[in-house]
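Down below is the structure, laid out as structure tokens.
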Amino acid sequence: MDEVRLYEMYLNEAIEERKTDLINRNEEYKNLREKFNDIMNKYPNLQFILEDRELILNETECKMLQKLVKIYMEICDFEEKEIFLLGCKEMYFYLKDTGVIKEK
């Protein structure tokens, strides 16, 4: 059971490291994160909505919520690709270490 926790900690740490690396090397991803944060800061009611509070939004806030969701989905696409590639890399090294893949 402890091994699972250690693995989860390593996995979460590796994923967060990839996200940080993504911000540093991918301008499009960085801009999306900045836009997301700007909207959240400019429209605090959106944060309340995302915290599962019931609230009536005005027309502008509704439009910004739509934009926020679109940006969030684009951010998730970048992050999911990074997580997939991280998994591929880790699987390669695992298979190599276990002898399934042999170098010539």
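Because only heavy atoms are used, hydrogens play no part in the values below, and waters and symmetry mates are left out as well, while side chains stay in. As the structure is a prediction and not an experimental result, all values here were calculated from the model.
- When hydrophobic clusters are built by joining Ile, Leu, Val, Met, Phe, Trp and Tyr residues whose side-chain heavy atoms come closer than 4.5 Å, directly or via intermediates, Met40 is grouped together with Leu32.
- No continuous path of ILVMFWY side-chain contacts below 4.5 Å connects Met64 to Ile56, so the two sit in separate hydrophobic clusters.
- Residues forming a side chain to side chain donor-acceptor pair (under 3.5 Å) with Asp38 (at least two apart in sequence, or on another chain): none.
- In this structure, Asn26 contributes its side chain and Leu22 its backbone to no donor-acceptor pair below 3.5 Å.
- Among all heavy-atom pairs drawn from Thr98 and Leu95, the shortest one is OG1-O, 3.1 Å.
- Note that CG of Asn45 is 10.0 Å distant from CZ of Arg53, once rounded to the nearest 0.5 Å.
- Distance check: Ile39 CD1 to Leu68 CG gives 5.5 Å after rounding to the nearest 0.5 Å.
- Linking ILVMFWY side-chain heavy atoms closer than 4.5 Å, directly or via other members, places Ile101 and Leu85 in two distinct hydrophobic clusters.
- Taken to the nearest 0.5 Å, the CG atom of Asp97 stands 9.5 Å off from the CD atom of Glu90.
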Quick one, Tyr94 with Met91, criterion side-chain contact (heavy atoms from CB on, under 4.5 Å). Give me CA distance, side-chain angles, the key distance, then yes/no.
CA-CA 5 Å; Tyr94 173 76; Met91 179 55 82; 4.1 Å; yes
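- Counting heavy-atom neighbours within 6.0 Å of Lys19 NZ, excluding the residue itself, gives a total above 12.
- Panel note: side chain Glu16, backbone Glu13; no donor-acceptor pair is recorded below 3.5 Å.
- A salt bridge links Glu82 with Arg25: the closest approach of a Lys/Arg side-chain nitrogen to an acidic carboxylate oxygen falls below 4.0 angstrom.
- Considering CD1 of Ile49 and OH of Tyr43, their distance stands at 15.0 Å, rounded to 0.5 Å.
- Within 6.0 Å of CD in Glu51 there are more than 12 heavy atoms belonging to other residues, nucleotides or ligands.
- Taking Cys88 as the reference, Phe84 meet the side chain to side chain contact (heavy atoms under 4.5 Å, CB included) condition, with sequence neighbours excluded.
- In this structure, CZ in Arg18 is found 14.0 Å from NZ in Lys81, a value given to the nearest 0.5 Å.
- For the salt bridge (charged side-chain N to carboxylate O under 4.0 Å, His left out) criterion with Arg33, the lone passing option out of Glu27, Glu79, Glu28 is Glu79.
- Each of Ile15 and Phe36 belongs to its own hydrophobic cluster when Ile, Leu, Val, Met, Phe, Trp and Tyr are linked at side-chain heavy-atom distances under 4.5 angstrom.
- In the hydrophobic clustering of ILVMFWY residues, with side-chain heavy atoms under 4.5 Å counting as a link, Ile83 and Leu11 come out together.
- Rounding to the nearest 0.5 Å gives a distance of 12.0 Å between CD1 of Ile71 and SG of Cys76.
- Using the six-membered ring where Trp is involved, Tyr29 and Phe78 have ring planes that are perpendicular, over 60° apart on the 30 and 60° scheme.
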